[in-house]
Novice: 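Encoded as structure tokens, here's the structure I'll be asking about.
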Amino acid sequence: MLRLLTIELQKIKYSKSAKALLIIYFGLFMFIALIASIKFNLGFVEFHLAEQGIFNFPYIWHFNTYIASFLKIFMAVIIVSMVANEYSNRTLKQNLIDGLSKKEFILSKFYTVILFALASTLFIFLVSFVLGLIFSSYTEFSIIFSDLEYLFAYFIKLVGFFAFCLFLGIWIKRSAFALGFLFVWWIAESIIIGVLKFVIFKDSLIANKISQFLPLESISNLVKQPFTRLNVVQASASQIGADVNWDSSVSILQLLIVCVWTGIFIFLSYKIIKRRDL
Amino acid sequence: MKTILSLQQLTKKFGALTAVDHVSFTIEKGHVYGILGPNGSGKSTTLGMVLNVVNKTSGNFYWFDKSYSTHRALKKVGAIIERPNFYPYMTAYQNLALVCKIKEVTEENIDKKLELVGLLERKNDKFSTYSLGMKQRLAIASALLNDPEILILDEPTNGLDPQGIHQIREIIKKIASTGTTILLASHLLDEVEKVCSHVIILRKGKMLYAGSVDKLNASFGYVELKAENHEDLLSIVQNHSWFTAEKVDPENHIITANLTENIAADALNKMFVEKGIFLSHLIKRKESLEEQFLQLTNQ
């Protein structure tokens, strides 16, 4: 396993574009800290976002993992191109001739993807931890380390999404087309969900029960939007009488669905590469 | 004799096209093999199948004694297919270090192999800055990193300039002289003729011949003869049991005849002298591989 990981990391280590994207990706994590400095000046009312409780423990785990997951599109570019380049440089063929098995090839990519997800999770943990210590109203040990399941869900979410990107890269061979397909897929899922909701069932509850099994939908369901949990939002919603009882906790079923999709994507990648003449 | 690679009825179909049609042969340790065939005869597809990049349709092959899985066996093999494939953004050394990791060998061999192919002083330059000849030589260095049991070269001189072709040939000869088993696929006959002891001839995916170069054509070669008294010479050649299928070139009166036995040139000369004929021209030849190849593939 370590051998496969070092093989893949060496391929990335010397690639300038991959390195640049990685630096941008992890650099943008830091920018979450900048949210702290957002201040609206609504005439006579000054609105300081950091003081609205978004950086309170344990809410910060939820908020930051949700915000950070938008950055995963940068990783999608890296992952898709690290696969597509193997085709265009014909190094996939050479790797196999040199004695890497097709299974090892897929695994080396998959291990790397897990490492990326792990590094992202660790990074967001550190950033949130520091931000929390600075801005949180509560810094008791037990409060800081509660709700950590959001970090775990974030990790699984990234692994699932990266496995999907890996599969698209291996299937489609060209990075631009694979990324385009990712976008098309996303639109297709939105249409399917829309049709389920408004045409077939006319009931969003049943529709959600079905659509939660779609790959991108299940991935995005892992860390749901955290805004309705904010006191400000809750307060203003109850003023206008809206019901915002939105369950945004991490569900075991969703975790399972994403794990199954991850397995399917990796297995399909292997099947495709096994059947293909290179 | 230790078997390195064995193919049994190996077949590959691309849709309706049968690219490789029931090909069987065995590669044994210590020989230099050539796979000959015109473009599109299935050479690269055959190699692709045994090298794990093309899926076979039917038939079988196994490496060494059947106990090895293909990818494990390939760690003991060095192979280059068609074009040199490396990571363009890495230097030669970094590329070879990666191959070492894949093959699970130490990196200590890298400098030695780079020196063998004459690229040691360019080892820290990026692969993308290399000329085609240098890329091909780097590929050979890469294939040799694990001191392979067999070196497989597919069209190693394709697209190179004469100097590059010469360099590659010298390297191949050097490697062959160390006793490494080599399998060389080419459509260039003189290339194969110069280094190979055994040939496998393919045409349209079918195997026409597999065996030693010497036995390819069972004939004993042919002679070219000329003498002052042309008529006497011709009558001796026509009546002697050593000769068959004699032809006369009407312009320079050179007589060409196939030999029926293995007769040395000096014995021939002696026989003619005893019959009172002094030759002014005597050449004894084997058919070149090219002539034999054309005979076979034109059938």
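The structure presented is a predicted model; accordingly, all values stated were derived computationally and were not measured. Values below: every heavy atom of this structure, side chains too, minus hydrogens, waters and symmetry copies. Residue numbering restarts at 1 for every chain, and letters A, B, ... go by the order of the sequence lines.
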Novice: Give me the atom names and distance for the closest heavy-atom approach of B/Asn55 to A/Arg276.
Specialist: ND2-O, 3.5 Å
Novice: Among B/Thr45, B/Asn85, B/Asn52, who wins on heavy-atom pairs under 4.5 Å with chain A?
Specialist: B/Asn85
Novice: In terms of heavy-atom proximity below 4.5 Å to chain A, should B/Ala143 be classed as side chain, backbone, both, or neither?
Specialist: neither
Novice: Sort out for me which of A/Lys103, A/Arg275, A/Lys16 touches chain B most, counting heavy-atom pairs under 4.5 Å.
Specialist: A/Arg275
Novice: Which residues from residues 65-78 of chain B are near chain A, with near meaning under 4.5 Å between non-hydrogen atoms?
Specialist: B/His71, B/Leu74, B/Lys75
Novice: Which region of A/Arg90, side chain (C-beta onward) or backbone (N, CA, C, O), has a non-hydrogen atom less than 4.5 Å from a non-hydrogen atom of chain B, or is it both or neither?
Specialist: both
Novice: Please find the pair of heavy atoms, one from A/Gln10 and one from B/Ala97, that lie closest to each other, and give the distance.
Specialist: NE2-CB, 4.1 Å
Novice: Nearest 0.5 Å, what's the CD1-CG distance between B/Ile102 and A/Asn95?
Specialist: 4.0 Å
Novice: Give the minimum heavy-atom separation between A/Lys11 and B/Met90, together with the two atoms involved.
Specialist: CA-CE, 3.6 Å
Novice: Picking from B/Glu104, B/Lys12, B/Met49, which has the most non-hydrogen pairs under 4.5 angstrom with chain A?
Specialist: B/Glu104
Novice: Within a 6.0 Å radius of atom NZ on B/Lys173, are there more than 12 heavy atoms belonging to other residues, nucleotides or ligands?
Specialist: yes
Novice: Taking all non-hydrogen atoms of both residues into account, name the closest pair between A/Asn89 and B/Phe86 and its distance.
Specialist: CB-O, 4.1 Å
Novice: If you draw a 6.0 Å radius around CD in B/Glu115, do more than 12 non-hydrogen atoms from other residues or ligands fall strictly inside?
Specialist: no
Novice: Given side chains that start at C-beta, do those of B/Tyr87 and A/Glu86 come closer than 4.5 Å, heavy atoms only?
Specialist: yes
Novice: Which one wins on heavy-atom pair count under 4.5 Å against chain A: B/Val53, B/Leu51, B/Leu145?
Specialist: B/Val53
Novice: Return the CZ to NZ distance between A/Arg3 and B/Lys101, rounded to the nearest 0.5 Å.
Specialist: 11.0 Å
Novice: Could you grab the distance from atom NZ of A/Lys19 to atom OH of B/Tyr89, nearest 0.5 Å is fine?
Specialist: 10.5 Å
Novice: With a 4.5 Å limit on heavy-atom distance, are the side chains of A/Ile7 and B/Leu98 in contact?
Specialist: yes
Novice: To the nearest 0.5 Å, tell me how far A/Lys93 NZ sits from B/Arg83 CZ.
Specialist: 8.5 Å
Novice: For atom NZ of B/Lys206, is the number of surrounding heavy atoms from other residues, nucleotides or ligands below 6.0 Å larger than 12?
Specialist: no
Novice: Please examine the side chains of A/Ile97 and B/Ile81, heavy atoms only from C-beta on, and report whether any two atoms are closer than 4.5 Å.
Specialist: yes
Novice: Checking B/Lys126 against chain A: side chain, backbone, both or neither under 4.5 Å from a heavy atom?
Specialist: side chain
Novice: Let's test your reading of the structure: which of A/Asn85, A/Leu278, A/Asp98, A/Leu96 forms the most heavy-atom pairs below 4.5 Å with chain B?
Specialist: A/Asp98
Novice: Is atom CZ of B/Phe14 surrounded by more than 12 heavy atoms (other residues, nucleotides or ligands) closer than 6.0 Å?
Specialist: yes
Novice: Got more than 12 heavy atoms from elsewhere within 6.0 Å of CZ, A/Phe31?
Specialist: no
Novice: Does anything in residues 168-190 of chain A reach chain B? List residues with heavy atoms under 4.5 Å apart, or say none.
Specialist: none
